[in-house]
There are 4 protein chains.
Amino acid sequence: MSQKRQEIIKIAAALIESKGYENTKLSDILEAAAIGKGQFYHYFSSKHELGLEVLDYFYEIFDREVLEGILSSKKSPEAKINEMLQWVLENHTSKQARCGCIFGNIALELSEHDPAFSKKVREVFDKWIDKLSIVLEEMARGKEGSSCVEVAQGVVALIEGGIMIMKNKQDIKVLEDILTLARRMIATS
Amino acid sequence: MSQKRQEIIKIAAALIESKGYENTKLSDILEAAAIGKGQFYHYFSSKHELGLEVLDYFYEIFDREVLEGILSSKKSPEAKINEMLQWVLENHTSKQARCGCIFGNIALELSEHDPAFSKKVREVFDKWIDKLSIVLEEMARGKEGSSCVEVAQGVVALIEGGIMIMKNKQDIKVLEDILTLARRMIATS
Amino acid sequence: MSQKRQEIIKIAAALIESKGYENTKLSDILEAAAIGKGQFYHYFSSKHELGLEVLDYFYEIFDREVLEGILSSKKSPEAKINEMLQWVLENHTSKQARCGCIFGNIALELSEHDPAFSKKVREVFDKWIDKLSIVLEEMARGKEGSSCVEVAQGVVALIEGGIMIMKNKQDIKVLEDILTLARRMIATS
Amino acid sequence: MSQKRQEIIKIAAALIESKGYENTKLSDILEAAAIGKGQFYHYFSSKHELGLEVLDYFYEIFDREVLEGILSSKKSPEAKINEMLQWVLENHTSKQARCGCIFGNIALELSEHDPAFSKKVREVFDKWIDKLSIVLEEMARGKEGSSCVEVAQGVVALIEGGIMIMKNKQDIKVLEDILTLARRMIATS
DNA sequence: GATGAATGAGCGTTCATTCAT
DNA sequence: CATGAATGAACGCTCATTCAT
């Protein structure tokens with residue numbers, strides 16, 4: 001994979017994360033990347049393709065850091081949950097509650113009319129719920145309770161909804177409170 | 001208020017709910033309402049103004065049916081919670097899990113660059129959390145537990161996140177499961 | 001002539017004088033006159049017709065006050081010239097150098113593509129030059145000098161050009177200086 | 001500067017000179033230049049920007065040919081005046097008295113509502129009066145008379161007013177007569 | 001590989017005028 | 001007489017994409 005191509009993806013990712021896909025114009029990307037139109041269309045067949053690559057880029061980070069790095073580690077399930085929630089909080093704290101979740105944003109912005117984006121986002125949520133569900137399973141050994149998949153889905157939904165409200169209020173405290181509830185949801189499941 | 005104006009708002013509301021604000025072109029609205037450009041601008045000063053009216057339109061329904069009709073009724077808090085969750089489920093079932101929550105959609109689509117939309121959405125969430133929190137207070141009399149406001153916020157986040165995932169998966173079952181968790185979140189708070 | 005019609009002309013005249021013909025929208029006129037579209041089109045067949053009436057309205061004032069009231073009076077030619085120049089200065093002083101000459105404005109704004117406007121403006125200038133020329137003739141009895149018509153035309157041109165520069169600079173002093181030169185131009189002709 | 005850009009400016013200049021700024025539609029320019037909308041907006045950010053460039057284009061010609069080429073030359077003041085007046089006459093003769101003065105036209109069409117245009121026109125008039133005043137000063141050494149600046153302003157006003165009347169009458173003779181008066185105004189100052 | 005000039009369908013908006021009541 | 005809803009052509013402008021060099 002060309003290095004320039006990766007650089008373009010990274011630059012576009014930052015723009016799309018903070019401004020949204022439609023609202024990030026190709027000219028914004030070209031300017032930020034300091035390249036011409038010809039170079040862009042040499043690396044990508046369309047803005048749409050770049051968008052999918054950007055989604056992949058975010059997915060790779062999320063997969064490496066959270067799904068693999070945290071949820072698939074050798075630590076105790078409790079520690080894994082803790083670290084995941086901590087990761088979420090830190091991620092949005094560093095962006096000052098401004099960006100929202102890129103997957104949720106894309107889900108709502110483009111899912112409806114673009115099956116390719118929709119599919120990718122669905123895979124992210126599915127995999128997240130799946131991995132989380134396995135961790136919950138570890139915790140739940142021998143205990144009664146709801147289906148771990150459903151709880152995992154609930155935790156993801158709670159986090160996504162929390163991020164949405166946090167972004168709308170521009171207040172990181174919303175997310176902190178939500179994560180506390182996520183902990184309890186897991187504990188009482 | 002003119003009847004035609006109301007009709008345009010209603011038609012636009014349906015389009016915006018299912019396609020999003022930016023992706024609903026003025027020409028879509030004109031075609032659906034069978035009117036000309038001039039007539040549109042006779043009733044509205046801009047697409048933006050229409051968008052705000054559409055948000056008001058949804059808020060009025062939500063306020064009348066849920067915030068006032070259900071959460072402010074004389075029934076038991078348990079019944080009110082039940083009816084609210086039921087309303088949410090029915091609302092999205094009737095739309096076949098296709099639209100998502102109009103407030104959440106707008107929140108993510110426009111919050112960032114349009115303060116007017118952002119403010120209206122914030123008010124909806126705030127009022128919903130506030131009313132729900134009062135109901136939770138009624139239920140919690142004498143009991144220990146988390147702050148009702150935070151739990152209410154969590155319930156709203158859970159529902160919003162659940163609707164987002166439901167829409168992305170195009171599967172109403174997601175929402176059913178999420179609402180079950182919402183019940184438990186309230187019960188164990 | 002209907003009184004309402006006259007009222008509309010007067011209101012439109014004020015708007016057109018200060019904002020120009022094209023830049024005065026029909027809706028501005030309707031609002032200022034507090035009438036509906038139907039009433040307007042009852043009295044006038046088009047904006048264009050109103051424009052011509054407005055030009056007539058200004059011409060009537062100019063004719064009554066200057067061409068007849070001053071230039072055709074029984075006073076000495078010197079007094080008549082003096083009063084005419086004084087009238088010009090007072091007219092623009094009261095409007096704070098903001099409007100320019102309505103005839104000059106229309107001449108430049110519409111002459112090119114609208115023969116009807118062009119013709120009316122031409123008549124105003126012709127009649128002004130003509131009347132002024134007669135006064136100059138009275139003064140010149142027995143003296144040598146340029147043709148009075150040409151001097152009259154020069155005085156009118158000087159005044160119009162002076163008003164143009166005055167408006168552009170938004171400075172009434174320009175006009176004062178110009179009128180001094182007009183006096184000398186007449187004296188030395 | 002791109003050659004195409006210059007070509008567009010030149011074509012637009014001819015249209016705007018003869019039809020006015022507002023009355024020259026973008027589509028007229030595109031058609032005359034045989035280009036598409038996209039190309040236009042590749043070179044200019046707006047019609048407004050083009051308008052200012054067109055004004056600059058005319059100013060450069062005027063500055064090079066008249067302000068510098070004639071008024072700042074080493075010839076006698078009398079010759080300079082003569083050549084300037086001759087330039088004005090030839091300029092309008094070649095355009096068959098149809099266009100008027102572009103600076104005067106813009107002054108009256110846009111001065112009021114567009115400060116950028118107004119400022120540029122003001123600078124043209126100021127510089128013209130200034131340069132002319134210096135020439136008049138040369139002529140006046142040792143003689144009594146009015147302030148040269150005021151006379152210069154009067155000459156410019158006379159010319160501008162004369163062009164206006166010439167355009168309205170579509171008759172170059174008006175301008176010839178006016179220029180004769182301008183000569184006398186200078187001689188008797 | 002790389003440039004940026006060129007394309008053109010589509011956007012939201014304006015506004016004089018017409019027409020049903 | 002009067003209303004104001006309705007029309008629709010035209011406007012300036014956007015922007016992803018294509019193409020000649």
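Residue numbering restarts at 1 for every chain, and letters A, B, ... go by the order of the sequence lines.
- In this structure F/dT21 sits in a base pair with E/dA2, meeting the Watson-Crick or G-U test at under 3.5 Å.
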Open item on the list: Checking A/Ile102 against A/Tyr57 for the side chain to side chain contact (heavy atoms under 4.5 Å, CB included) test, could you report, in this order, the C-alpha distance in whole Å, the side-chain angles of both residues, the deciding distance, and whether it holds?
Closed with: CA-CA 11 Å; A/Ile102 182 73; A/Tyr57 168 84; over 6 Å; no

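- Straight-line distance from the CZ atom of C/Phe44 to the P atom of E/dT18: 16 Å, rounded to whole Å.
- For C/Phe58 and C/Phe62, the distance between ring centers is not under 6.0 angstrom.
- A straight line from CZ of D/Phe40 to P of F/dT14 spans 11 Å, rounded to a whole angstrom.
- Put simply, CD on C/Gln3 is 16 Å from C1' on F/dC1, counting in whole angstrom units.
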Open item on the list: For a side chain to side chain contact (heavy atoms under 4.5 Å, CB included) check, start with the C-alpha distance between D/Ser118 and C/Asn168, then their side-chain angles and the critical distance, and finish with the verdict.
Closed with: CA-CA 7 Å; D/Ser118 182; C/Asn168 180 244; 3.6 Å; yes

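- Looking at D/Arg64 and D/Glu60, no side-chain N of the basic residue comes within less than 4.0 Å of a carboxylate O on the acidic one, giving no salt bridge.
- Of the possible polar contacts, one joining the C/Lys47 side chain to the C/Thr24 backbone as a donor-acceptor pair under 3.5 Å is found.
- Residue D/Glu49 contributes atom CD, which lies 14 Å from atom C1' of F/dG12 at whole-angstrom precision.
- Both C/Lys47 and D/Gln39 sit near DNA chain E, but only D/Gln39 has its closest nucleotide nearer the 5' end.
- Phosphate proximity of F/dC1 to C/His42: absent, as no side-chain N or O sits under 4.0 Å from OP1 or OP2.
- Atom P of nucleotide F/dA16 and atom NE2 of A/His48 are separated by 14 Å, given to the nearest angstrom.
- D/Asn105 contributes no side-chain N or O that, together with a main-chain N or O of D/Ile16, makes up a donor-acceptor pair within less than 3.5 Å.
- When the side-chain nitrogen and oxygen atoms of B/Ser27 are compared with OP1 and OP2 of E/dG12, none of them lie within a distance under 4.0 Å.
- Here the OH-CG distance, from A/Tyr21 to A/Asn23, works out to 12.5 Å after rounding to the nearest 0.5 Å.
- Spacing between atom NZ of B/Lys25 and atom C1' of E/dT13 amounts to 15 Å, rounded to whole angstrom units.
- Of the nucleotides present, E/dA9 is the one that pairs with F/dT14 by Watson-Crick or G-U wobble criteria, both distances under 3.5 Å.
- For F/dG8, the paired nucleotide is E/dC15, the pair qualifying as Watson-Crick or G-U wobble because both relevant distances are below 3.5 Å.
- Whole-Å rounding puts the C/Asp28 CG to E/dT14 P distance at 13 Å.
- The distance between atom CD of B/Glu22 and atom C1' of F/dC15, rounded to the nearest whole Å, is 14 Å.
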Using a cutoff of under 3.5 Å, can you pull out all pairs of nitrogen or oxygen atoms linking the protein to nucleotides 19-21 of chain E, with atom names and distances?
none

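- Positionally, the nearest nucleotide of DNA chain F for B/Tyr43 lies more toward the 5' end than for the other of B/Tyr43 and A/Leu26.
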